[in-house]
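Fair warning: this is a prediction, and the values are worked out from it, not measured in the lab. Chain naming here is simple, since letters A, B, ... match the order of the sequence lines and numbering starts at 1 in each.
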Amino acid sequence: MEAAAFYSFSILAIASALFILFSRNLIYGAFALFLAFLGVAALYVLAGADFLAVTQIMVYVGGILVLLIFGIMLTQKANNNTVSDTPNKVEVLPSREIAGFLAGSGLFVFLGYIILDARFAMQGEVISSNSTIRTIGVELMTSHLLPFEIAAILLLVALVGAAYLALNRNPAQ
Amino acid sequence: MNTIPLEHYLFVAAALFCIGLAITITKRHFIGMLLGIELMLNAVNINLIAFSRYDPEKLSGQLFALFVIVVAAAEVTVALAIILRVFGHYNTVDPDKVSDLKK
């Protein structure tokens with residue numbers, strides 16, 4: 001049962017990732033990325049990380065994907081004469097396609113060789129508790145307090161920086 | 001519970017990472033490249049969480065994945081702001097055509 005869920009969600013994630021790779025329409029790619037994120041969140045649940053799965057759905061699907069779709073819509077060409085046939089089209093050079101295929105498959109073969117070659121000796125106990133929220137909260141507030149504060153400052157700086165960059169500084173207006 | 005071997009998680013993560021790399025290389029669109037980068041960050045998180053299954057007391061992998069998610073969110077906001085500025089300046093989203101610092 002668990003194995004069936006694992007393999008079906010893995011296939012969902014990988015198939016939607018492949019759809020992004022072969023789709024020429026960026027909006028479809030963004031929606032396929034939504035499916036890929038959901039598949040990855042299900043894999044997190046199957047690995048015993050329930051809090052991370054919910055965070056993944058809230059941050060990626062609720063925040064990042066909406067931002068990306070806004071970005072796609074805001075960067076449309078206003079004076080596009082060849083509209084309506086192929087909206088949101090992404091050009092792909094054949095040479096770039098070959099380079100991407102070679103880099104991707106080569107890296108996959110390399111990583112697969114490493115994974116098969118390495119015999120990971122796991123000595124800890126497998127997660128058995130129902131929820132990881134308590135452990136994550138205690139760890140965040142004790143041994144990981146400094147990274148937590150730095151992440152907060154990073155988010156503040158990113159917020160200020162993004163608002164400043166996106167500000168319209170056109171003197172003509 | 002947890003009958004799935006660790007290597008299967010690692011293979012799924014490796015496949016997602018390589019597809020993300022191929023997307024980042026092939027797409028001639030800034031936001032297309034950003035989609036690929038997000039996919040790669042997610043694949044790395046699968047690795048961290050799969051190893052964190054064997055560390056139930058401290059959950060270091062899950063905490064690391066949490067910080068990766070935070071950094072990814074910060075990265076996407078700044079990258080989108082830069083893309084919008086570049087689009088306003090050059091009127092293109094093709095990375096090959098943005099080759100000058102100043103137009």
Side-chain angles (χ1 to χ4, degrees), chain A residues 2-3 6 10 13-14 17-18 20-21 26 29-30 33 36-37 40 43-44 47-49 52 55 59 63-64 67-68 71-72 74-75 90-92 96-97 99-101 103-104 107-108 111-112 115 120 122 124-127 129 132 135-136 139-140 144 147 151 154-155 158 161-162 165-166, chain B residues 1-4 6-12 14-23 25-32 34-35 38-39 42 45-46 49-50 52-59 62-63 65-67 69-74 76-78 80-85 87 91 93-94:
Chain A
E2 196 197 345
F6 174 81
S10 316
I14 291 177
L18 283 174
I20 305 171
L21 181 57
L26 213 55
L33 193 69
F37 284 157
V40 172
L43 293 189
Y44 289 178
L52 260 291
T55 311
V59 173
I64 290 180
L67 269 182
L68 285 174
I72 293 169
L74 285 174
T75 53
V90 187
E91 292 171 54
V92 173
R96 203 72 75 79
E97 226 162 16
F101 177 76
L107 186 67
F108 183 68
L111 289 176
I115 293 169
F120 294 110
M122 291 298 161
E125 294 288 311
V126 174
I127 288 181
S129 65
T132 58
T135 317
I136 286 181
E139 288 287 321
L140 266 186
H144 291 72
L154 175 76
L155 280 179
L165 277 173
Chain B
M1 196 183 162
N2 285 314
T3 52
I4 297 150
L6 178 70
E7 279 78 12
H8 293 194
Y9 281 103
L10 300 188
F11 265 111
V12 173
L16 281 180
F17 188 88
C18 296
I19 295 169
L21 181 66
I23 291 171
I25 293 175
T26 50
K27 295 275 188 234
R28 280 182 77 192
H29 194 292
F30 281 126
I31 294 176
L34 215 52
L35 296 186
E38 291 305 310
L39 207 56
N42 253 280
N45 276 349
I46 293 180
I49 286 173
S52 168
R53 265 199 320 175
Y54 297 92
D55 183 21
E57 288 97 31
K58 302 193 73 173
L59 289 177
Q62 291 195 18
L63 285 163
L66 199 59
F67 290 120
I69 289 177
V70 169
V71 173
V76 153
T77 51
V78 175
L80 268 177
I82 292 174
I83 290 169
L84 287 183
R85 290 299 295 175
F87 180 74
N91 205 20
V93 280
D94 187 348

With only heavy atoms counted, which part of [X] is less than 4.5 Å from chain A, the side chain, the backbone, both or neither?
X	answer
Ile46(B)	both
Val70(B)	both
Phe30(B)	neither
Leu6(B)	side chain
Leu21(B)	side chain

Return the [atom1] to [atom2] distance between [X] and [Y], rounded to the nearest 0.5 Å.
X	Y	atom1	atom2	answer
Lys58(B)	His144(A)	NZ	NE2	7.0 Å
Ile115(A)	Phe11(B)	CD1	CZ	5.0 Å
Leu34(B)	Leu67(A)	CG	CG	9.5 Å
Leu52(A)	Ile69(B)	CG	CD1	5.5 Å
Ile83(B)	Leu68(A)	CD1	CG	8.0 Å
His29(B)	Leu26(A)	NE2	CG	5.0 Å

Non-hydrogen atoms of chain B under 4.5 Å away: do they reach the side chain of [X], the backbone, both or neither?
X	value
Ala103(A)	both
Leu33(A)	side chain
Leu111(A)	side chain

Minimum heavy-atom separation for Ala74(B) and Leu155(A), please, with both atom names.
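So the minimum-distance heavy-atom pair works out to CB-CD2, 4.2 Å.
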Heavy-atom count around Phe101(A) CZ within 6.0 Å, excluding the residue itself: above 12?
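No, CZ of Phe101(A) has 12 or fewer neighbouring heavy atoms, counting only those of other groups under 6.0 Å.
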